[in-house]
Amino acid sequence: QVQLVESGGGLVQTGGSLRLSCAVSGRSFGSFAMGWLRQAPGKEREFVAGVTWSGTNLDYADSVKDRITISIDITKNMLYLQMNRLKPEDTAVYYCAAGLLTTWGTRGSIYKYWGQGTQVTVSS
């Protein structure tokens, strides 16, 4: 079992920064893929960034690659998403997730465990 509790969403202005956090607990997740995904109103859920718990398979969506950093702190069992130079199109509910790594890497992993989601709103 894996539990995910995320926080850090909020309202920011264009160009601002935000750090999302996800506390990970449970057992048998050391080989899991960890990811951040988002869903904007009227849009499909979209992969944002991913990394395995061991630090491999780092990947970013092209739309955020230059502005976002995913990281883990294994000593604290924490997953982070640092977002900089935010744009209105980044507005979405952001979810942290954990699951099985596939041959497609973290963006194609099967995510079984999910956080509750946190709203990020970027105003112009």
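Because the structure is predicted, anything quoted here is derived from the model rather than measured. Note that the numbering runs from 1 along the sequence shown for the chain.
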Tell me, with the steps shown, if Val2 and Phe32 meet side-chain contact (heavy atoms from CB on, under 4.5 Å). CA-CA 10 Å; Val2 177; Phe32 276 20; 4.0 Å; yes

Are any non-hydrogen side-chain atoms of [X] and [Y] less than 4.5 angstrom apart?
X: Met34; Y: Cys96; answer: no
X: Thr14; Y: Glu89; answer: no
X: Leu81; Y: Leu18; answer: no
X: Leu101; Y: Thr106; answer: yes
X: Asp73; Y: Tyr80; answer: yes
X: Glu46; Y: Ser63; answer: yes
X: Glu6; Y: Trp36; answer: yes

Between Trp53 and Tyr113, is there a shared hydrophobic cluster once you connect ILVMFWY residues whose side-chain heavy atoms come closer than 4.5 Å? yes

Quick one, Val122 with Leu11, criterion side-chain contact (heavy atoms from CB on, under 4.5 Å). Give me CA distance, side-chain angles, the key distance, then yes/no. CA-CA 6 Å; Val122 185; Leu11 174 65; over 6 Å; no

Just by distance, do the side chain of [X] and the backbone of [Y] share a donor-acceptor pair under 3.5 Å?
X: Thr118; Y: Gly9; answer: yes
X: Arg67; Y: Met83; answer: no
X: Gln82; Y: Thr69; answer: no
X: Gln13; Y: Ser123; answer: no
X: Ser109; Y: Tyr111; answer: no
X: Thr102; Y: Gly108; answer: yes

Before giving the answer on side-chain contact (heavy atoms from CB on, under 4.5 Å), spell out for Val64 and Phe47 the whole-Å C-alpha distance, their side-chain angles and the decisive distance to 0.1 Å. CA-CA 10 Å; Val64 303; Phe47 173 84; over 6 Å; no

For Tyr95 and Trp114, take the angle between the two ring planes, folded into 0 to 90°, and tell me which bin it lands in: parallel under 30, tilted 30 to 60, perpendicular over 60. perpendicular

Inter-residue atom distance Leu37.CG - Glu44.CD, 0.5 Å rounding: 12.5 Å

Whether Asp90 and Arg38 form a salt bridge (side-chain N of Lys/Arg under 4.0 Å from carboxylate O of Asp/Glu) is what I want to check. yes

Begin from the C-alpha positions of Gln116 and Leu4 and carry the test side-chain contact (heavy atoms from CB on, under 4.5 Å) through to its verdict. CA-CA 8 Å; Gln116 77 281 7; Leu4 306 170; over 6 Å; no

Donor on one side chain, acceptor on other, Asn84 and Ser17, under 3.5 Å: yes

Consider side chain to side chain contact (heavy atoms under 4.5 Å, CB included). Of Val51, Ile70, Val48, which one does Tyr60 pass it with? Ile70

If you count the non-hydrogen atoms of other residues, nucleotides and ligands that lie under 6.0 Å from CG in Leu58, is the total more than 12? yes

